[in-house]
Amino acid sequence: MLEFINAKTHTDIETVSALAIEIMQEHYDPIVGKEINAHMLAKYQSVEGICEEIKDGAEYFFVRADGANVGFLAIAPKDGFMYLSKFYLAKKYRGNGYSRDMMTFVKARAEKCGLNKITLNVNADNGNTVSVYRRFGFEIVEEIYRDVGGGYCVHDYVMQFNLKNSQE
């Protein structure tokens with residue numbers, strides 16, 4: 001059984017940041033390259049970056065299984081949808097159904113907020129993750145190129161899940 005710990009204290013945020021760096025370096029360095037990944041980690045997953053996102057309305061959760069931090073996620077209610085900002089599971093914990101349980105948590109939070117859609121961005125070259133989101137029922141609704149600062153641009157898919165359709 002997974003636990004979802006809302007990262008509210010500075011220590012919690014430091015824990016999420018360290019976990020993010022560990023997971024995302026392993027996962028994204030081969031996809032986008034070390035240089036752009038280092039830039040994005042410093043901008044978005046540093047303690048300062050996470051604090052900024054929380055200030056803008058996001059909630060960060062680290063995910064625990066049997067006392068170990070196995071992943072993290074971040075969600076932010078927006079106008080008409082829940083934005084799934086982060087959804088990461090450490091490589092050694094994949095294949096145990098944890099990502100399914102994490103998505104169930106996200107869906108429940110969206111419903112609790114009265115939102116019927118979940119939207120996310122995923123790197124278009126991240127084929128395995130795109131496939132996972134498709135298995136969860138997400139569909140690609142847009143293809144974008146996004147400026148992430150530092151002279152870098154990323155190629156993303158915007159994917160969406162409609163909670164109303166999943167309940168029928």
Side-chain angles (χ1 to χ4, degrees), residues 1-20 22-24 27-28 40 44-45 47 49-124 126-144 146 148 154 156-168:
M1 176 118 178
L2 294 182
E3 291 179 85
F4 297 89
I5 316 302
N6 193 330
K8 291 185 176 184
T9 69
H10 190 75
T11 301
D12 289 345
I13 293 167
E14 288 175 332
T15 300
V16 169
S17 179
L19 189 59
E22 175 188 329
I23 293 171
M24 294 176 76
H27 188 78
Y28 275 107
M40 292 182 67
Y44 299 112
Q45 294 310 131
V47 170
I50 293 170
C51 286
E52 189 66 30
E53 195 172 359
I54 290 171
K55 188 173 82 175
D56 290 340
E59 290 183 289
Y60 269 77
F61 296 87
F62 49 99
V63 181
R64 243 187 225 152
D66 300 320
N69 292 330
V70 301
F72 71 101
L73 59 89
I75 53 177
K78 302 289 183 184
D79 189 24
F81 65 93
M82 179 67 76
Y83 183 65
L84 178 53
S85 174
K86 310 290 182 297
F87 191 87
Y88 293 98
L89 185 62
K91 188 175 186 173
K92 67 182 176 181
Y93 296 104
R94 295 178 195 154
N96 294 307
Y98 293 160
S99 63
R100 181 188 63 243
D101 295 343
M102 290 167 64
M103 188 57 71
T104 298
F105 175 83
V106 171
K107 290 175 182 178
R109 296 292 290 200
E111 289 173 344
K112 184 178 178 181
C113 291
L115 302 169
N116 60 21
K117 291 181 183 172
I118 301 168
T119 302
L120 60 85
N121 289 34
V122 60
N123 187 286
N126 191 354
N128 289 339
T129 302
V130 171
S131 295
V132 169
Y133 288 134
R134 285 184 188 275
R135 282 196 302 273
F136 286 141
F138 282 78
E139 296 178 354
I140 296 171
V141 295
E142 189 176 2
E143 184 173 3
I144 62 172
R146 190 167 53 97
V148 294
V154 294
D156 282 353
Y157 292 136
V158 178
M159 298 186 79
Q160 193 168 76
F161 178 83
N162 190 328
L163 286 161
K164 281 186 179 179
N165 292 346
S166 73
Q167 296 169 354
E168 296 174 359

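Bear in mind that the values here come from a model prediction, so they are computed numbers and not experimental data.
In this structure the side chain of Val63 never reaches within 4.5 angstrom of the side chain of Tyr88, judged on heavy atoms. For the pair Leu2 and Phe105, the minimum side-chain heavy-atom distance is 4.5 Å or more. Side-chain contact between Leu89 and Ile23 is absent, with no heavy-atom pair separated by less than 4.5 Å. In this structure, Ile140 and Arg134 have side chains that are in contact, with non-hydrogen atoms separated by less than 4.5 Å. Here the side chains of Ile50 and Tyr60 are in contact, with some heavy-atom distance below 4.5 Å. Counting heavy atoms from C-beta outward, Phe136 and Met159 have side chains that stay 4.5 Å or more apart. Within the 4.5 Å cutoff, the side chain of Thr15 has no heavy atoms near those of the Phe72 side chain. In this structure, the side chains of Glu53 and Lys86 come closer than 4.5 Å at one or more pairs of heavy atoms.
Rounded to the nearest 0.5 Å, atoms CG (Asn116) and CE (Met82) are 11.5 Å apart. For the atom pair CD1 (Ile75) and OH (Tyr83), the distance works out to 13.0 Å, reported to the nearest 0.5 Å. The distance from atom CE of Met40 to atom CG of Asn123, rounded to the nearest 0.5 Å, is 8.0 Å. Expressed to the nearest 0.5 Å, how far CD1 of Ile144 lies from OH of Tyr157 amounts to 12.0 Å.
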Passes side chain to side chain contact (heavy atoms under 4.5 Å, CB included), Leu120 versus Phe87? Steps please.
CA-CA 9 Å; Leu120 60 85; Phe87 191 87; over 6 Å; no
Could you please spell out the steps behind the side chain to side chain contact (heavy atoms under 4.5 Å, CB included) verdict for Val132 and Arg135?
CA-CA 5 Å; Val132 169; Arg135 282 196 302 273; 3.3 Å; yes
Yes or no on side chain to side chain contact (heavy atoms under 4.5 Å, CB included) for Glu139 and Asn162, after CA distance, side-chain angles and deciding distance?
CA-CA 9 Å; Glu139 296 178 354; Asn162 190 328; over 6 Å; no
Can you check side chain to side chain contact (heavy atoms under 4.5 Å, CB included) on Arg109 and Phe61, steps first, answer last?
CA-CA 12 Å; Arg109 296 292 290 200; Phe61 296 87; 3.9 Å; yes
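In terms of heavy-atom proximity, Thr119 sits nearest to Gln160 at OG1-NE2, 3.0 Å. The shortest non-hydrogen separation linking Leu163 to Ala110 is CD1-CB, 3.7 Å. In terms of heavy-atom proximity, Ile118 sits nearest to Phe138 at O-CE2, 3.6 Å. For Gly57 against Pro77, the heavy-atom pair with the smallest separation is O-CD, 3.8 Å. Here the closest non-hydrogen pair linking Ala7 and Val16 is CB-CG2, 3.8 Å. Listed here is the closest heavy atom pair of Ala68 and Tyr93: CB-OH, 3.7 Å.
Side-chain N or O atoms of Ser17 include one that pairs as donor or acceptor with a backbone N or O of Gln45 at under 3.5 Å.
Listed by chain and residue number, His27, Tyr28, Thr129 satisfy the side chain to side chain donor-acceptor pair (under 3.5 Å) test with Asn126 (two or more places apart in sequence, or in another chain).
Counting only residues at least two apart or in different chains, salt bridge (Lys or Arg N to Asp or Glu O under 4.0 Å) contacts with residues 6-17 are absent. Residues in residues 98-108 take part in no side chain to side chain donor-acceptor pair (under 3.5 Å) pair, two or more places apart or across chains.
Counting non-hydrogen atoms of other residues, nucleotides and ligands closer than 6.0 Å to CG of Asn128 gives a total of 12 or fewer. At most 12 heavy atoms of other shown residues, nucleotides or ligands fall within 6.0 angstrom of atom CG in Asp66.
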